[in-house]
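Below: one structure, written as structure tokens.
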Amino acid sequence: MFKHAYSVATWLALCNLRSVGIPGLLSSWSFKCFQTKAAQIKGKFVKAGWEEENYEDGVKWKVLEHKGPYFAPPYEPLPDDVKFYYAGEPMKLSQATEEVATFYGKMLDHEYTTKEAFQKNFFHDWREVMTAEEHKKIKHLHKCDFSEIHKYFVDKNEARKALPKEEKQKLKKETEKIQEEFGYCILDGHQEKIGNFKTEPPGLFRGRGDHPKMGMLKKRIMPEDVIINCSKESKVPEPPAGHKWKEVRCDNTVTWLASWTENIQGSIKYIMLNPSSKLKGEKDWQKYEIARRLKDVVDKIRAQYRTDWKSREMKKRQRAVALYFIDKLALRAGNEKEEGETADTVGCCSLRVEHINLHSNLDGKENVVEFDFLGKDSIRYYNKVPVEREVFKNLRLFMENKDPADELFDRLTTTILNKHLQDLMDGLTAKVFRTYNASITLQQQLKELTSEDDNVAAKILSYNRANRAVALLCNHQRALPKTFEKSMQNLQTKISNKEEQLAEIKKELKKAKTNLKANKDEKSKKEVEKKKKLKERIEEQLMKLQVQATDKEENKQIALGTSKLNYLDPRITVAWCKKYGVPIEKVYNKTQRDKFAWAIAMADEDFEF
DNA sequence: TCTCGGACTTGTACCTAGCACT
DNA sequence: AGTGCTAGGTACAAGTCCGAGA
């Protein structure tokens with residue numbers, strides 16, 4: 001069974017994930033420790049430190065000890081001089097009502113508060129926490145005046161920013177202390193960083209896109225809501241004074257330390273480990289190994305779905321066309337979702353007739369499918385894609401006699417699709433195609449774009465371009481940064497300044513050369529050398545700036561982070577860095593290096609995805 | 001086979017520390 | 001020293017996929 005193909009021992013052996021083997025002494029599994037160790041043994045990965053764990057099926061850990069979540073600070077009532085007005089009259093609110101009012105007041109200059117659904121949901125939930133008296137009096141949102149509340153928080157924020165250095169230092173120390181106390185756990189004798197150790201503070205729910213629940217009240221999480229997960233023999237975290245946990249359990253088949261149910265969607269929220277942890281890293285590695293196995297069978301799978309386009313079974317045809325989209329366009333699976341509970345977004349299997357347009361001929365191309373739909377996070381997917389004739393014909397067939405709001409693949413669900421994929425390859429699901437296509441694209445693009453004799457800056461531009469190709473494929477967009485135009489202009493100014501500088505120095509160099517010809521003395525010679533060096537330096541600086549500008553322009557609406565963090569096998573990057581002598585820090589920042597520590601230790605320059 | 005809860009990954013928006021500038 | 005500005009974190013929403021139970 002694939003699931004258990006990688007024992008912890010193998011993994012540790014491979015990446016040398018380890019800590020110093022002094023019993024009873026904790027050590028963190030940090031990059032630093034890694035780097036030195038990896039350097040020492042260079043290429044050979046030796047298992048040490050971590051005991052060879054014999055985990056049974058599905059068991060994730062043996063010992064887990066932590067401090068529980070850090071709770072949001074209690075509500076601080078407004079000072080008396082900050083007033084809420086109803087219908088023009090000042091009104092003192094009960095503490096609970098006031099707290100919810102501040103949630104709205106804080107957001108006053110956010111676009112959310114102008115939306116009808118937001119206002120409606122907020123007002124409804126707000127009225128629920130009001131006292132009978134308040135409830136009776138406060139009947140219309142438009143008669144509520146939160147402006148003093150709003151101003152109070154704006155001022156407070158500014159005051160905080162203007163704090164003297166020492167005060168800021170003090171605050172920083174305090175957050176560090178909290179991080180220290182709650183931010184780590186002990187897992188099988190090793191200290192691991194926790195990802196999110198704080199409960200989410202109360203506030204107003206901000207959905208993405210056109211979310212029907214936007215503005216609803218997100219309730220304060222109390223210890224009584226929280227389930228603690230830790231090992232039996234370890235010390236159970238202490239709940240805050242006067243409180244109890246909802247439950248303390250010991251389930252070592254899951255990776256979370258604490259959980260609670262959130263009141264908006266009724267879904268569960270978890271406290272889990274940081275991506276740098278062994279648990280997460282191992283999972284990440286596995287993910288890419290599955291994608292690499294897809295590489296071996298992808299040709300076969302492609303051949304098969306092409307055959308299936310002509311199947312007599314409608315279900316099979318739909319499955320084959322959907323899979324083609326998932327493979328070619330890196331679409332998400334598209335699970336069905338509850339209508340009215342979330343924003344109306346779709347993925348491949350949930351596409352509706354209204355989301356595509358068929359053009360037999362468009363811009364000189366045949367059989368073009370025009371996609372236009374909102375995907376995850378209500379990000380628009382818009383693409384015009386020429387497709388195979390069979391696909392085109394099938395789509396026309398699928399759309400026959402259907403309303404725009406009908407499902408395109410009415411015989412298909414993600415479960416059906418994934419079951420099929422599972423039969424084709426152990427561990428294969430729809431999302432694996434995204435991982436596979438992203439990683440393979442990076443590798444191809446890097447091969448194509450990088451040239452040996454480029455300098456580091458140019459190589460990094462190539463890397464970013466390869467990364468960009470992937471982001472484009474995965475439709476990882478971002479809003480044009482607000483300051484884009486301005487910062488672009490700044491950069492352009494810098495460039496022209498450099499150019500002027502360069503022209504100047506060229507002139508000077510020429511002069512120096514003439515001088516040398518005339519005088520032929522040591523001093524003139526030195527002068528020429530000096531100017532030459534200066535010229536080279538400026539040329540390099542100019543080139544760097546120009547690269548920066550190109551990069552910036554090409555990147556303005558594309559987000560690289562998501563693919564880098566979630567889709568690109570880090571070993572490809574590590575291998576590329578090693579091969580072309582690019583320092584890894586130029587491509588991965590500290591966090592990324594921590595997350596990908598396993599890959600950094602594992603991959604040689606000849607790693608092939 | 002259908003539904004739903006649960007666990008875990010993926011994704012963008014927002015915030016801010018700290019850097020490069022003047 | 002003050003002032004932008006942005007990279008890089010944090011927060012948390014929104015997906016995917018699995019398996020249990022009716």
Side-chain angles (χ1 to χ4, degrees), chain A residues 3 58 60 72 107 110-112 157 160-162 165 168-169 171-172 175 179 195-201 203 205-209 211 213-214 218 227 229 251 253-256 259 261-262 264-275 279-280 283-284 286-287 326 332-338 341-343 345-350 374-379 413-419 421-422 427-435 438 471 474-479 481-484 486-488 490-491 493-494 552 559-567 588-592 594:
Chain A
K3 256 189 189 165
K60 307 283 169 64
M107 291 178 74
H110 201 289
E111 202 201 332
Y112 270 117
N157 204 11
R160 192 177 47 87
K161 274 184 202 155
K165 231 183 193 164
K168 279 187 178 168
Q169 279 296 323
L171 287 174
K172 206 176 158 190
T175 34
Q179 162 81 39
N196 57 324
F197 56 88
K198 294 173 180 168
T199 61
E200 291 172 17
F205 176 76
R206 308 145 89 115
R208 312 260 164 87
H211 197 116
K213 298 196 171 183
M214 62 167 79
K218 240 175 75 163
I227 302 173
N229 193 27
D251 181 354
T253 67
V254 295
T255 65
W256 53 269
S259 74
T261 303
E262 151 268 357
I264 304 284
Q265 325 265 2
S267 64
I268 309 169
K269 299 261 181 169
Y270 301 93
I271 286 184
M272 286 183 187
L273 294 179
N274 187 272
L279 225 50
K280 294 285 189 188
K283 200 75 195 298
D284 209 31
Q286 260 191 50
K287 176 180 78 183
I326 284 172
R332 294 187 191 82
N335 285 311
E336 50 270 66
K337 11 196 279 176
E338 237 174 310
E341 295 291 302
T342 53
T345 62
V346 296
C348 185
C349 293
S350 50
L374 297 182
K376 181 174 176 181
D377 290 314
S378 293
I379 298 291
T413 65
T414 52
T415 314
I416 295 172
L417 181 65
N418 279 336
K419 205 162 269 166
L421 293 175
Q422 191 62 238
L428 187 62
T429 62
K431 85 200 247 298
V432 179
F433 280 86
R434 241 166 113 81
T435 312
C474 294
N475 198 40
H476 290 142
Q477 301 189 19
R478 61 165 180 178
K482 278 184 192 117
T483 50
F484 181 83
K486 205 173 161 201
S487 60
M488 197 63 195
N490 286 348
L491 201 52
T493 320
K494 266 196 215 164
K552 206 184 182 84
L560 299 184
T562 307
S563 49
K564 203 173 188 175
L565 230 48
N566 300 305
Y567 288 105
Y588 286 150
N589 65 35
K590 176 80 174 72
T591 322
Q592 292 165 162
D594 284 345

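Values below: every heavy atom of this structure, side chains too, minus hydrogens, waters and symmetry copies. Reminder, nothing fancy here: chain letters follow the sequence lines and each chain counts from 1.
Counting any heavy atom pair closer than 4.0 Å across all strands shown, A:Arg208 reaches a base atom. Across all strands, A:Gly266 comes closer than 4.0 Å to no nucleic acid atom at all (heavy-atom distances). At the heavy-atom level, A:Lys60 lies under 4.0 Å from the strands shown only through sugar-phosphate atoms. In this structure, A:Thr414 reaches neither bases nor backbone, as no heavy-atom distance under 4.0 Å exists between it and the strands shown. Contact annotation for A:Thr255: backbone-only contact, meaning every heavy-atom pair under 4.0 Å involves sugar-phosphate atoms and none involves a base. Nucleic acid contact class of A:Ala430 (heavy atoms, under 4.0 Å, all strands): sugar-phosphate only.
Comparing B:dA7, C:dA13, C:dC17 by their nearest atom to the side chain of A:Phe205 picks out C:dA13. The listed nucleotides are B:dG11, C:dG9, C:dT16; the one nearest the side chain of A:Lys431 is C:dT16. When distances run from any side-chain atom of A:Lys218 to the nucleotides C:dA11, C:dC12, B:dT10, the shortest one goes to C:dC12. Here the nucleotide nearest the side chain of A:Lys280, chosen from B:dC8, B:dC14, C:dA11, is B:dC8. Each of B:dG11, C:dA13, C:dG9 was ranked by its minimum atom distance to the side chain of A:Thr591; first place goes to C:dG9.
Rounded to an integer number of Å, the gap from A:Ile416 CD1 to B:dC2 P is 8 Å. In this structure, OH of A:Tyr567 is placed 8 Å from C1' of B:dT9, rounded to the nearest angstrom. In this structure, A:Asn475 places its CG atom 12 Å from C1' of B:dG11, rounding to the nearest Å. Here C:dA7 presents its P atom at 11 Å from NZ of A:Lys564, a figure rounded to the nearest Å. A:Glu200 has its CD atom 12 Å from the C1' atom of C:dA14, to the nearest Å. Straight-line distance from the CD1 atom of A:Ile379 to the C1' atom of B:dG11: 8 Å, rounded to whole Å. Between A:Asn335 atom CG and B:dT9 atom C1' there is a gap of 13 Å when expressed in whole angstrom units.
When only modelled atom types and interatomic distance are considered, A:Lys337 and A:Thr345 share a side-chain donor-acceptor pair under 3.5 Å.
Applying the side-chain contact (heavy atoms from CB on, under 4.5 Å) test between A:Asn335 and each of A:Thr413, A:Thr414, A:Val346 identifies A:Thr414 as the sole match.
Using a 4.0 Å cut-off, some side-chain N or O of A:Gln265 falls inside it from OP1 or OP2 of C:dA14.
The aromatic rings of A:Phe205 and A:His211 sit perpendicular to each other, their planes meeting at more than 60°, with 30° as the lower class boundary.
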